[in-house]
Colleague: 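After the structure tokens below, expect a handful of questions from me.
Indexing begins at 1, ligand by ligand and atom by atom, following the structure's order. These numbers were taken from a predicted model, which means no experiment stands behind them.
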Amino acid sequence: IHKWYHSGLNRWHGLGSTADFQKIIQERCDNYPQQIWSYSRSRNCQEIKQAFMSAFISKDPCKATKEDYRRLIDLADPTVPCNKIVLWSKTKELAREYAKPRGLVTLEDTLLGSLADDLHWCGEPGSPDLNTWSCPDWKKDCRTNYLTVFWEVLSKRFAESACGTVQVVLDGSLENAFNEMSIFGRVEAPNLKPMVTLQAWLVHDPGKPPRDSCSGSSITKLKSILSERNVRFICRDNLRKFLKKRKPTLNGKYGVSP
Ligand code: N1C
């Protein structure tokens with residue numbers, strides 16, 4: 001029996017920390033393009049990396065709090081101009097495909113979102129290292145794990161900061177395109193400011209029958225959450241059709257949105 005078995009590093013049910021986590025964070029930070037929404041008080045990648053690491057290193061991986069990430073978020077608070085934010089739920093790739101050619105911004109385009117995108121991380125009490133064997137799973141181990149709390153805190157800041165019209169891409173091939181348990185459902189939608197307009201786009205998988213629509217019960221639920229907050233709501237079925245209608249420009253990219 002190996003040493004790691006005894007130490008219990010493999011006791012969690014989620015993927016372990018990404019190999020070379022620190023190196024990836026550093027590289028992504030150094031190469032992050034300086035654009036308008038990338039504004040952050042500190043452009044010091046060393047400092048950002050240290051704040052990220054000290055948020056969770058040596059700590060119980062099931063006891064993450066918002067406060068653990070405060071310093072990191074303060075160093076690189078996402079700020080995006082009005083009308084440019086695109087949110088999503090279960091549709092990350094499509095949302096990015098929609099956002100990019102139109103100059104719109106998903107959370108992964110902001111500095112902290114881009115640092116953490118697709119990575120996993122957790123520590124171990126009393127150890128200076130990341131646990132590369134396993135990290136807590138949201139369902140099977142604990143909800144207050146460092147990955148979940150990170151996306152919750154960052155998503156909340158992103159949604160709170162949004163102004164004008166915010167768009168969201170939802171999957172209409174699911175039974176519930178709007179899921180109250182998702183980060184969009186439990187964190188972003190309930191934290192939009194009054195007077196913001198949320199424009200929802202439902203996407204349907206070409207191979208599958210549409211299961212939810214703008215008139216379905218999950219969207220009705222979203223509408224009611226928003227109306228309590230004085231957020232205006234517009235819903236459109238079938239984003240894919242809209243994407244297809246755009247004329248590709250010479251370099252094969254989509255033109256600017258109308
Ligand atoms: O739970 P979700 O989607 O509704 O979260 C998506 C929502 C987006 O609008 C983003 O602004 O929340 C934000 N967000 C991310 O940007 C993000 N990048 C990567 C939330 N989660 C993000 N991840 C990881 O995907 C994270 O581990 C989280 O648990 C999943 C959420 O995916 P989902 O269920 O499709």
Side-chain angles (χ1 to χ4, degrees), residues 12-18 21 24-25 28 32 37-38 52 55-56 61 64 66 69 72-73 76-80 84-100 104-122 134-163 165-193 196 198-203 205 212 218-219 221-222 225-226 231 239:
W12 307 114
H13 296 87
L15 282 178
S17 306
T18 309
F21 179 82
I24 297 172
I25 294 286
R28 287 183 176 179
Y32 185 76
W37 56 83
S38 66
F52 206 149
F56 68 96
K66 290 183 199 124
Y69 285 117
L72 176 63
I73 306 265
D77 212 357
T79 51
V80 177
K84 289 211 178 284
I85 287 185
V86 177
L87 306 174
W88 51 267
S89 196
K90 311 286 182 284
T91 54
K92 182 163 110 177
E93 298 315 319
L94 200 81
R96 301 191 70 175
E97 201 181 299
Y98 172 67
K100 204 175 173 197
L104 303 173
V105 179
T106 65
L107 189 50
E108 289 72 31
D109 295 314
T110 69
L111 178 57
L112 287 184
S114 78
L115 295 189
D117 194 21
D118 293 330
L119 300 185
H120 291 256
W121 62 92
C122 68
S134 69
C135 289
D137 176 76
W138 193 77
K139 268 197 193 131
K140 292 181 183 152
D141 299 306
C142 54
R143 293 184 178 199
T144 51
N145 64 72
Y146 277 91
L147 199 61
T148 302
V149 171
F150 173 86
W151 287 113
E152 285 174 353
V153 174
L154 197 62
S155 302
K156 179 163 183 271
R157 292 290 272 262
F158 195 50
E160 280 169 351
S161 76
C163 46
T165 299
V166 177
Q167 309 189 54
V168 63
V169 180
L170 299 173
D171 187 348
S173 301
L174 296 173
E175 193 184 334
N176 295 303
F178 173 66
N179 175 354
E180 279 182 274
M181 295 297 281
S182 67
I183 292 186
F184 171 71
R186 69 180 196 276
V187 178
E188 293 178 329
N191 280 294
L192 291 170
K193 281 191 301 228
V196 160
L198 182 71
Q199 157 131 40
W201 295 97
L202 259 66
V203 216
D205 233 313
D212 205 353
S218 85
I219 297 296
K221 176 73 202 173
L222 172 59
I225 291 173
L226 296 171
V231 172
L239 173 67

Colleague: Could an N or O of ligand 1 be found under 3.5 Å from any N or O of E188, whether backbone or side chain?
Modeller: yes
Colleague: Out of S89, S155, S114, A189, who is nearest to atom 13 (C) of ligand 1 when you count heavy atoms only?
Modeller: S155
Colleague: Against heavy atoms of E108, which atoms of ligand 1 measure under 4.0 Å?
Modeller: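 Taking each heavy atom of E108 in turn, ligand 1 has 15 (C), 16 (O), 17 (C), 18 (N), 19 (C) under 4.0 Å.
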Colleague: Can you report which non-hydrogen protein atom sits closest to atom 34 (O) of ligand 1, along with the distance?
Modeller: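 Ranking protein heavy atoms by distance from atom 34 (O) of ligand 1, first comes K90 NZ, 2.5 Å.
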Colleague: Are D109 and R96 within salt-bridge range, i.e. N to O under 4.0 Å?
Modeller: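 The answer is yes: the pair qualifies as a salt bridge.
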Colleague: Charged N to carboxylate O below 4.0 Å: is that the case for D171 and K92?
Modeller: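 Result for this pair is no, no salt bridge flagged.
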Colleague: Can the ring centres of Y98 and W201 be said to be less than 6.0 Å apart?
Modeller: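 Yes, the ring centres sit under 6.0 Å apart.
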Colleague: Considering only protein heavy atoms, determine whether one is less than 4.0 Å from atom 20 (C) of ligand 1.
Modeller: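 Yes, at least one protein heavy atom sits under 4.0 Å from atom 20 (C) of ligand 1.
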Colleague: Please check if the side chain of R28 supplies one atom and the backbone of D117 the other of a donor-acceptor pair under 3.5 Å.
Modeller: yes
Colleague: Between K156 and E160, does a salt bridge (charged side-chain N to carboxylate O under 4.0 Å, His left out) hold up when you go through it step by step?
Modeller: CA-CA 6 Å; K156 179 163 183 271; E160 280 169 351; 2.9 Å; yes
Colleague: Which residue owns the protein heavy atom closest to atom 23 (N) of ligand 1, what's the atom, and how far is it?
Modeller: W151 CE2, 3.7 Å
Colleague: Under a 4.0 Å N-O cut-off, is there an ion pair linking R186 with E152?
Modeller: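 Looking at R186 and E152, the cut-off is met.
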Colleague: Which of the atoms in ligand 1, numbered in the order shown and given with their element, are less than 4.0 Å from a heavy-atom of F184?
Modeller: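 Going through ligand 1 atom by atom, the ones under 4.0 Å from F184 are 2 (P), 4 (O), 5 (O).
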Colleague: Which of the atoms of ligand 1 are close to L87, meaning less than 4.0 Å from one of its heavy atoms?
Modeller: 9 (O), 11 (O)
Colleague: Please list the nearest protein heavy atom to atom 8 (C) of ligand 1 with its residue and the distance rounded to 0.1 Å.
Modeller: W88 O, 3.2 Å
Colleague: Looking at atom 1 (O) of ligand 1, what's its closest protein heavy atom, distance included?
Modeller: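 Result: I183 N, 2.8 Å.
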Colleague: Side chains of P136 and C122: does their closest heavy-atom pair fall under 4.5 Å?
Modeller: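 In short, these two side chains touch, coming nearer than 4.5 Å.
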